[in-house]
Every structure is written in C-alpha cells, then in structure tokens.
Amino acid sequence: MFHKVLVAIDGSSQSLKSLERAIDEAKIWNAELHAIYVVEIGLFSSLPVDNTWEVMYSLLEKEGKEILSAATKNAADVGVEMTFHLKQGHAGQEIITLAEELDADLIVVGSLGKSNIERLLLGSVSSFVVMNSRITTMVVRQ
C-alpha cells in the first residue's frame, strides 16, 4: 500500500504518461500525490552568471510552473488533489531528496525525458533515481 506518491514531470510525453500512472496509483491507494519539476541548473554551469543565465533560468522556471499547473489541473479533473514542487539542481538528486523529505513510499518517473542530449550530458534521471533511491520507484515506459 502506498500513502505518498511523488511523480517527476518535465513536460515530455513520457512524463505525462508517468503523471497518468501516478494519478491512477494515488486513486487506487487513496494516497497523497506530489509532483516535482526540476530546473536543471547544471546545464548552465559553463555560462557566465549574467543576464543570459538569468533569462534562461527564468524561462525554464516559467515553463516548470506552467507544466506543474497543468498537471495539477489534470489530477483535479479526475478527483485527485496534487501538491507541486518546483526545484532547481540535479534532477535525479532533487527527486530523491524531496521523496525522502515527504516520506514518500513511491516515486514515479518516465523512462525517457525531454532530451536525449541531456541524457548524454547528465545521465539518465530515471536510472539515477533507480540506482540511488531507497524508495520504491516505478519507471513508466511509453
């Protein structure tokens, strides 16, 4: 039985499938549902901290808020209340950290994210979570 479910979303079609599955699990178990979107600041480590960095971060943060807002509406449309969390940092680590802080007992992630290029540069978020989390993790395939 699951009491708290955390789903990682990034706006990709795969993460939307993960959201659907997390909503289903929350309904089945009458569990709290939380969603996390992480702005990957590691992508900007080689950029000078100036207006360009701030503009790029601001755009990604805005995108994250829009994605989380839409996800919250999707959950509400089927009668599931969801709390969202916007974080910054390494996506895999932020997912694990939040899951531990929430005392979640299920993490739901997609097998692929937004960009294959990001996976080459940063490693697969789902693989990182599976390898490093002590919490049950469901990897959703499309």
Side-chain angles (χ1 to χ4, degrees), residues 1-49 52-142:
M1 178 186 270
F2 300 115
H3 300 285
K4 289 186 185 176
V5 177
L6 174 64
V7 60
I9 57 177
D10 63 10
S12 66
S13 62
Q14 189 69 49
S15 77
L16 296 178
K17 290 282 187 195
S18 299
L19 175 63
E20 290 174 16
R21 187 57 194 257
I23 290 170
D24 289 345
E25 292 297 322
K27 284 178 79 169
I28 289 168
W29 301 109
N30 195 29
E32 284 182 33
L33 180 60
H34 296 262
I36 182 172
Y37 178 96
V38 181
V39 177
E40 281 273 8
I41 59 174
L43 296 172
F44 306 121
S45 61
S46 63
L47 295 176
V49 179
T52 303
W53 190 94
E54 290 175 11
V55 168
M56 290 176 71
Y57 178 82
S58 175
L59 290 172
L60 289 172
E61 184 179 50
K62 180 179 181 244
E63 175 188 61
K65 287 177 181 175
E66 290 170 357
I67 289 167
L68 288 167
S69 180
T72 301
K73 183 184 178 319
N74 288 351
D77 287 347
V78 294
V80 175
E81 186 176 321
M82 185 172 73
T83 304
F84 68 79
H85 307 267
L86 181 66
K87 301 289 185 174
Q88 67 178 19
H90 178 272
Q93 189 58 56
E94 291 299 323
I95 293 165
I96 292 170
T97 299
L98 180 60
E100 290 172 352
E101 288 172 4
L102 294 171
D103 197 24
D105 40 21
L106 176 64
I107 300 170
V108 181
V109 295
S111 61
L112 299 173
K114 278 177 115 172
S115 166
N116 288 332
I117 294 171
E118 288 176 11
R119 285 196 6 241
L120 289 173
L121 295 172
L122 302 170
S124 170
V125 172
S126 57
S127 292
F128 183 90
V129 173
V130 168
M131 297 296 291
N132 293 286
S133 178
R134 295 172 293 185
I135 298 167
T136 300
T137 302
M138 176 187 296
V139 178
V140 177
R141 296 186 173 275
Q142 202 160 26

Quick check for you: to the nearest 0.5 Å, what is the distance between [X] atom [atom1] and [Y] atom [atom2]?
| X | Y | atom1 | atom2 | value |
| --- | --- | --- | --- | --- |
| Glu101 | Glu94 | CD | CD | 8.5 Å |
| Asp103 | Lys4 | CG | NZ | 6.0 Å |
| Ile96 | Leu6 | CD1 | CG | 10.5 Å |
| Glu61 | Leu59 | CD | CG | 10.0 Å |
| Ile9 | Lys17 | CD1 | NZ | 15.5 Å |
| Ile67 | Leu16 | CD1 | CG | 8.0 Å |

Could you pull out the closest heavy-atom pair between [X] and [Y], with the gap in Å?
| X | Y | answer |
| --- | --- | --- |
| Gly64 | Leu86 | CA-CD1, 4.2 Å |
| His85 | Leu68 | O-CD1, 3.7 Å |
| Val38 | Gly89 | CG1-O, 3.6 Å |
| Ser111 | Ser126 | O-OG, 3.5 Å |
| Ala71 | Met82 | C-CE, 3.3 Å |
| Ala22 | Val5 | CB-CG1, 4.1 Å |

Output yes when a side-chain donor or acceptor of [X] lies under 3.5 Å from a complementary backbone atom of [Y], and no otherwise.
| X | Y | value |
| --- | --- | --- |
| Lys87 | Val39 | no |
| Glu81 | Leu33 | no |
| Asp105 | Phe2 | no |
| Ser15 | Gly110 | no |
| Thr137 | Ile135 | yes |

Could you go step by step and tell me if Ile107 and Thr136 meet the side chain to side chain contact (heavy atoms under 4.5 Å, CB included) rule?
CA-CA 6 Å; Ile107 300 170; Thr136 300; over 6 Å; no
If you count the non-hydrogen atoms of other residues, nucleotides and ligands that lie under 6.0 Å from CG in Asn30, is the total more than 12?
no
Under 3.5 Å side-chain donor-acceptor pair for Ser18 and Gln14
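There is no such pair between these side chains.
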Worked check of side chain to side chain contact (heavy atoms under 4.5 Å, CB included) between Glu32 and Thr83
CA-CA 8 Å; Glu32 284 182 33; Thr83 304; over 6 Å; no
Looking at side-chain heavy atoms only, is the closest gap between [X] and [Y] below 4.5 Å?
| X | Y | answer |
| --- | --- | --- |
| Ile95 | Val125 | yes |
| Asn74 | Val78 | no |
| His34 | Leu98 | no |

Before giving the answer on side chain to side chain contact (heavy atoms under 4.5 Å, CB included), spell out for Phe84 and Lys65 the whole-Å C-alpha distance, their side-chain angles and the decisive distance to 0.1 Å.
CA-CA 9 Å; Phe84 68 79; Lys65 287 177 181 175; 5.6 Å; no
Run the ring pair (Phe, Tyr, Trp, His ring centres under 6.0 Å) test on Phe128 and His90 for me, step by step, so that the C-alpha distance in whole Å, both residues' side-chain angles and the decisive distance to 0.1 Å come before the verdict.
CA-CA 10 Å; Phe128 183 90; His90 178 272; 4.6 Å; yes
